[in-house]
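All of these numbers come straight from a predicted model, not from anything done at the bench.
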Amino acid sequence: MDAQKEILRLRRELEYHSKLYYVLDAPVISDYEYDMLMNRLKALEAEHPELVTPDSPTQRVGGMALSKFEPVTHQVPLESLTDVFSLDELYAFGERMDALIEAPHAYTVEPKIDGLSMSLEYENGVFVRGATRGDGLVGENVTENLRTVRSLPLRIEHAPERLIVRGEVYMSKAVFRELNEQREKNGEQLLANPRNAAAGSMRQLDPKVAASRKLDIVCFNMQYSSDGGYTGHAQTLDAMREMGFPVVPYVRYERIGDCVERIAWLGEHRDELAYDMDGAVIKIDSLAQRQALGSTAKAPRWAVAFKYPPEKKESRVLDIVVQVGRTGVLTPKVLVEPVRLAGTTVSAATLHNQDNIDRLDLRIGDTVLLQKAGEIIPEVLSVNKDKRPDWAVPFVMPSVCPECGSPVVRDEDGAALRCTSPECPAQRLRNIAHFASREAMDIEGLGISVCESLIGSGLVSSAADLYYLRKEQVAGLDRMGEKSAENLLTAIENSKSAGLARLLCAFGIRQVGQKAAKVLAAHFESLDRLMEAGREELTMIPDIGGITADFILEWFALPQSQHLIGRLRGAGVDFTSHEERKDDRFAGKTFVLTGTLSGFTRDEAGAIIESFGGKAAGSVSKKTSYVLAGENAGSKLTKAESLGIPILTEEQFREMIR
């Protein structure tokens with residue numbers, strides 16, 4: 001068999017198995033067998049790059065990172081829906097339809113997926129473009145990120161010449177829980193809900209980041225088909241399913257009363273769905289009747305979205321436990337008798353801090369009212385003091401760390417309690433995971449589970465130990481082999497040249513994130529120079545205030561920090577800055593960017609300003625040196641004019657940097 005024929009065969013086979021797995025949930029081969037087919041296709045395409053096409057399964061994560069998303073004008077507007085909040089409003093919708101449509105009419109009822117709406121365009125069966133809803137008329141081109149969604153077909157059989165489908169990109173509940181569990185272990189802020197997580201993932205400029213979030217899609221409308229011939233919405237959904245699209249489950253009814261019963265049933269069974277739903281949708285089925293009804297300025301007249309009220313339930317407090325995060329912050333969590341709430345079983349809820357416990361006057365044994373914030377994260381709304389047992393006493397946060405027994409102190413600038421020991425075991429895992437994270441040293445393959453294995457085996461007790469690992473040690477860990485160990489050690493070796501800004505971020509110094517680390521690296525250019533700096537010099541640097549300066553000085557003064565730096569130096573980690581400084585023409589100058597620039601993005605303009613020693617700020621003040629104004633500049637331009645701040649056109653800015 002020649003290469004081209006085998007490549008086409010492998011693609012068809014992989015597309016078939018992807019449909020069975022992601023759309024029909026009926027796989028017939030193992031993951032290993034699928035991976036072997038994919039590896040064979042990758043090898044053939046590597047040998048014959050001229051045969052690689054955009055619709056190949058190998059190209060799902062092959063796109064380059066973008067600098068910005070291009071605007072897309074929708075051929076068919078992506079309309080929003082009118083919301084209703086009661087059964088009376090649902091029946092009123094049915095009465096309106098009866099009054100407006102003389103002929104018999106049917107309805108469809110579907111769950112309303114809580115995700116990010118998309119327009120998907122196909123030409124001759126090949127996926128060519130995908131765009132966000134935007135304002136309904138103009139969205140953003142996110143084609144490369146959509147290619148990473150495994151359940152989205154890149155090629156469809158028996159397709160019309162041109163097809164536009166509307167779908168909802170979402171993050172499944174299981175993936176969302178997994179992602180939040182990892183963030184909690186890393187001491188990172190939890191994501192509020194799957195919708196925000198999906199939207200943030202889809203708007204990543206690097207498709208590889210989007211791919212790592214394991215997004216899915218459900219399609220719910222055929223926007224346009226060059227073939228035509230369809231008479232009803234249900235018919236189009238069935239046709240889309242036949243083409244290989246994952247399609248929203250629907251039921252077709254003749255009576256509005258049946259629709260109302262179905263909506264109630266969906267509300268009771270929404271926990272059985274893989275995705276979150278924020279309501280249910282009733283639509284007129286006939287496409288001709290829809291056309292006759294038309295739309296208002298905001299929404300179609302032939303559909304409404306029913307929104308379920310937030311569910312609240314009582315439960316009894318069994319205990320209050322305290323967890324220790326990466327930065328040493330002690331966070332209380334309430335354990336309650338398990339209760340079904342918004343589709344899942346809830347047995348715990350966060351309490352944030354002692355101030356929140358005092359505000360609620362919450363005690364062990366209390367009966368509390370629970371709700372899911374954003375339908376996801378359980379929270380305590382109030383305490384039913386009428387049901388309080390006589391033995392209940394106020395809860396007080398511990399004075400020592402529950403993990404290591406070290407004293408805890410309260411932050412001067414907040415309500416958080418913090419463990420004082422940098423050797424705290426609870427912090428060790430999170431510190432090492434943070435050190436290896438994407439925004440820090442970016443050690444690919446060193447996630448939380450691998451960190452746990454390295455620590456549990458005694459191979460690693462601090463971030464510096466990573467650079468002294470041997471291949472045979474790593475290969476001996478669970479779920480690791482020769483190749484995995486080799487890849488991990490290569491990633492660790494490559495991280496030695498990450499540069500000073502990433503290293504400072506990796507240290508986890510309080511209030512020194514990516515931005516502050518970059519500022520410090522640009523100013524001092526080497527770690528040794530930074531360690532020589534005093535408080536006065538630190539506070540003279542833009543964005544480094546007195547509190548941050550104190551945190552920096554305190555961290556470098558710790559014996560554990562000095563030991564870490566010494567071992568990193570011995571391992572050959574680069575302590576110098578990689579920030580390119582062309583010259584200091586903008587030294588001491590602060591720029592604010594507003595409006596749309598034609599030649600580069602705001603991030604690109606900001607990087608140029610910083611490369612000449614200047615600072616790009618987000619808001620206008622008396623300290624602003626210039627405002628760079630593009631098209632459609634708004635309130636920032638108005639404020640700058642009122643303060644008499646010089647306004648630069650894009651051409652003037654180009655002259656300044658030439």
Side-chain angles (χ1 to χ4, degrees), residues 66-74 77-80 116-117 131-142 189 192 195-196 199-200 202-205 296-299 413 511 513-516 518-519 522-523 539-548 579 581-658:
L66 305 173
S67 60
K68 62 180 179 179
F69 296 115
E70 298 295 334
V72 173
T73 300
H74 298 301
L78 273 61
E79 295 180 302
S80 58
L116 190 66
S117 196
T132 62
R133 178 181 179 274
D135 62 3
L137 299 176
V138 179
E140 292 180 312
N141 189 330
V142 289
Q189 184 176 353
R195 189 204 178 281
N196 288 357
M202 189 48 56
R203 297 200 77 259
Q204 294 286 332
L205 291 171
T296 67
K298 296 183 179 179
D413 56 343
Q511 294 194 12
Q514 286 178 285
K515 184 176 180 181
K518 192 174 181 180
V519 169
H523 181 85
T539 54
M540 290 175 63
I541 301 171
D543 296 326
I544 306 297
I547 294 175
T548 303
E579 305 300 314
R581 174 70 67 85
K582 296 177 180 177
D583 59 49
D584 292 324
R585 70 183 69 178
F586 292 157
K589 304 293 184 183
T590 300
F591 290 71
V592 172
L593 284 63
T594 183
T596 303
L597 303 173
S598 61
F600 26 62
T601 66
R602 290 193 196 180
D603 286 343
E604 289 168 345
I608 291 170
I609 290 166
E610 290 175 359
S611 72
F612 288 116
K615 172 187 173 184
S619 58
V620 176
S621 70
K622 292 181 180 179
K623 295 181 179 180
T624 303
S625 308
Y626 300 99
V627 168
L628 173 55
E631 293 184 11
N632 301 317
S635 58
K636 293 178 183 178
L637 176 60
T638 304
K639 185 174 181 180
E641 290 172 339
S642 68
L643 294 174
I645 294 169
I647 311 297
L648 298 176
T649 65
E650 191 168 339
E651 186 55 38
Q652 288 172 322
F653 179 68
R654 288 180 182 278
E655 286 295 327
M656 294 174 73
I657 64 175
R658 189 158 293 155

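- Taking both residues in full, the closest heavy atoms of Glu79 and Ala299 are given as OE2-C, 4.4 Å, listed atom of the first, atom of the second, then distance.
- A distance of 7.5 Å separates CE in Met540 from NE2 in His523, rounded to the nearest 0.5 Å.
- Phe586 meets the ring pair (Phe, Tyr, Trp, His ring centres under 6.0 Å) test with Phe591, Phe612; sequence neighbours excluded.
- If you take CD on Glu70 and CG on Asn141, they are separated by 7.5 Å, rounding to the nearest 0.5 Å.
- Heavy atoms only, all atoms of each residue included: Ala629 and Leu637 are closest at CB-CD1, 4.2 Å.
- For the side chain to side chain donor-acceptor pair (under 3.5 Å) test, no residue two or more places apart in sequence or in another chain qualifies with Lys639.
- Rounding to the nearest 0.5 Å places OG of Ser625 at 10.0 Å from CG of Leu648.
- Nearest heavy atoms, Lys623 versus Thr590: O-CB, 4.1 Å.
- Side chains of Ile609 and Leu593 form a contact here, defined as non-hydrogen atoms less than 4.5 Å apart.
- For Val138 against Pro71, the heavy-atom pair with the smallest separation is CG1-CB, 4.0 Å.
- Across all non-hydrogen atoms, the minimal contact from Gln652 to Ile647 is OE1-O, 3.6 Å.
- Contact detail for Leu628 and Thr649: the closest heavy-atom pair is CD1-O, 3.6 Å.
- With His74 contributing its side chain and Gly136 its backbone, the two residues share no donor-acceptor pair below 3.5 Å.
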